[in-house]
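Throughout, a chain's letter reflects where its sequence line sits, starting with A, and its residues are numbered from 1.
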There are 2 protein chains.
Amino acid sequence: MASSTEENYLKALFNLSNSLGEVNLSELAHGLQVSLPTANSMVKSLQKSGWVNYEKYKPLILTAAGQKEAALIIRKHRLTEMFLVKKMGFGWEEVHEIAEQVEHIHAPKFFQRMDEMLGFPTIDPHGSPIPDNQGRIQEFSYVPLSSCKPGQTVQLTALTNSSTEFLEFLNSRKLALGTQLNVLSREAYDLSLVVSYENHPQETLSEKVSERLLVRVLE
Amino acid sequence: MASSTEENYLKALFNLSNSLGEVNLSELAHGLQVSLPTANSMVKSLQKSGWVNYEKYKPLILTAAGQKEAALIIRKHRLTEMFLVKKMGFGWEEVHEIAEQVEHIHAPKFFQRMDEMLGFPTIDPHGSPIPDNQGRIQEFSYVPLSSCKPGQTVQLTALTNSSTEFLEFLNSRKLALGTQLNVLSREAYDLSLVVSYENHPQETLSEKVSERLLVRVLE
DNA sequence: GTAATAAGTTAGAGTATTCTAACAAATTTG
DNA sequence: CAAATTTGTTAGAATACTCTAACTTATTAC
Ligand SMILES: [Mn+2]
Ligand SMILES: [Mn+2]
Ligand SMILES: [Mn+2]
Ligand SMILES: [Mn+2]
């Protein structure tokens, strides 16, 4: 059984993997806030356990078992976040840190009950998909708001960053998942976008913000 | 901040302490299922952190800080058990193992919300008191059913053992907290008790069982 | 295509937690 | 109270996870 530390490595490998399923050691080390030698030795040990394919100087690749394991931890994380928001009244900006701990609990029934009580949700409070109990993940094809053109109407569906600070920023602008936005114009100089929605006839969003907002284009 | 391991030691010291607040090293080692040298070295390290008073060959005594710390972990454990039973539909025989893990989560708001949602309960699903958020514990003066006399009517209020096996035994006999029992007779040979309650006009409870049932004497 | 830079590896060490083997102190027994 | 037993301690070692320093390989820049 994977330790909490190993589980965090698997999750990081999974989340940092590019479209080819590859990650560099330095990205992994940076993502987990550990030194390069620490990540290096840990990866060797994950290889021994069969979670990772590792060859000197080559990019890291999760094995099929490693991918499934990682997805199941992410499942626990996202179910927990959803439970905290929907059943315990937490704000979406408060739940990540708690879920970061709860995800390591070994108690299948505990997460099964969350799943049932929530009605088997498919996305978490930040719009990310919840892997199913086999570790399969549904892929969505959302686009960043930053890629949208003036005149388009879109619906906010997910985020590529769920830091407390970013979520508090969104709270302050009353931007929630589901909000419909009209793209009014783009400032050529800094690529900021001017949008309108609900009771906000005109709001300017920096590129940094708009590229972290994933939307579905309505028209 | 105490590690999960240290927290488990503090809890064990707290729970195993006699009326003088003392525990032997061997009891501690046995309680935690570790070797004597392991417990010995751990106790020395707990002393360095100020949780335990330790002198060679003397019984172990938790410091005031150690007692409070232990009580606050027990608070998280018991609140969790109550939450699992009352809000998530678990049976009282299923919750201890889960709570054993959840108690180590560092997230004050998480347990505050449980507390609120439960209406600030004072006992857990097994009748044990839930320490308050200052680590203070309400003491009850219950007596073991084994000490009761034929003719007495009592109410089942708590247990001195909450193992899954024992709880499943109680489930099989429809014995729950709150059940009123009439003590009919005691068998002199093996000290078993014959009792009646609800739809059970006659049930024999071994001494092993009756000494683990804590009751309030009604008449 | 070198030279400079970035990325990755090895060596060696430290803390936390655990163990077994050997020994010492304290307690119980007859 | 001396012997037997129980309890507690020390020494030495193993595993998991982490670090810094030193070195090597790979990549990027002229
Ligand atoms: Mn999260
Ligand atoms: Mn985590
Ligand atoms: Mn319990
Ligand atoms: Mn525990």
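Of the residues near DNA chain D, A:Ser4 and A:Lys56, the one whose nearest nucleotide (by heavy atom distance) lies more toward the 5' end is A:Ser4.
In terms of phosphate contacts, A:Tyr9 brings a side-chain nitrogen or oxygen within less than 4.0 Å of OP1 or OP2 of D:dT18. Residue B:Lys58 places no side-chain N or O under 4.0 Å from the OP1 or OP2 atom of C:dA26. For the pair A:Tyr54 and C:dT9, the criterion of a side-chain N or O lying under 4.0 Å from OP1 or OP2 is met. For A:Ser41, no side-chain nitrogen or oxygen approaches OP1 or OP2 of D:dT18 to under 4.0 Å. Considering only side-chain N and O atoms, B:Ser35 lies nowhere under 4.0 angstrom from the phosphate OP1 or OP2 of C:dT20. Phosphate proximity of C:dA16 to B:Thr5: absent, as no side-chain N or O sits under 4.0 Å from OP1 or OP2.
No side-chain donor from either of A:His126 and A:Asn161 sits under 3.5 Å from a side-chain acceptor of the other. Side chain to side chain, A:Ser26 and A:Asn24 fail the donor-acceptor criterion of an N or O pair below 3.5 Å. B:His77 and B:Asp124 share no donor-acceptor pair across their side chains, judged by distance under 3.5 Å alone.
Counting to the nearest Å, the C1' atom of C:dT9 and the CG atom of A:Asn40 are 6 Å from each other. At whole-Å resolution of the value, CG in A:Leu28 and P in C:dA7 are 14 Å apart. If you take CG of B:Leu60 and C1' of D:dG8, they are 10 Å apart, rounded to a whole angstrom. When rounded to the nearest whole Å, the span between CE of A:Met42 and P of C:dG8 equals 18 Å. In this entry the distance linking CD of B:Glu55 with P of C:dA26 reads 12 Å, nearest Å. Regarding A:Leu36, its CG atom lies at a distance of 12 Å from the C1' atom of D:dC19, rounded to whole Å. Between A:Lys48 atom NZ and D:dC17 atom C1' the separation is 14 Å, expressed in whole Å. The distance between atom CD of A:Glu22 and atom P of C:dG8, rounded to the nearest whole Å, is 12 Å.
Salt bridge absent: B:Arg78 and B:Glu81 never bring a charged side-chain N and a carboxylate O closer than 4.0 Å.
Of the candidates C:dT18, D:dC19, D:dC17, the closest approach to any side-chain atom of A:Pro37 belongs to D:dC19.
In this structure, A:Thr38 reaches the bases: a heavy-atom distance under 4.0 Å links it to at least one base atom across the strands shown. Residue B:Ser45 is classed as having no contact, given no heavy-atom separation below 4.0 Å to the nucleic acid.
Applying the 6.0 Å contact sphere to NE2 of A:His106 captures more than 12 heavy atoms from other residues, nucleotides or ligands.
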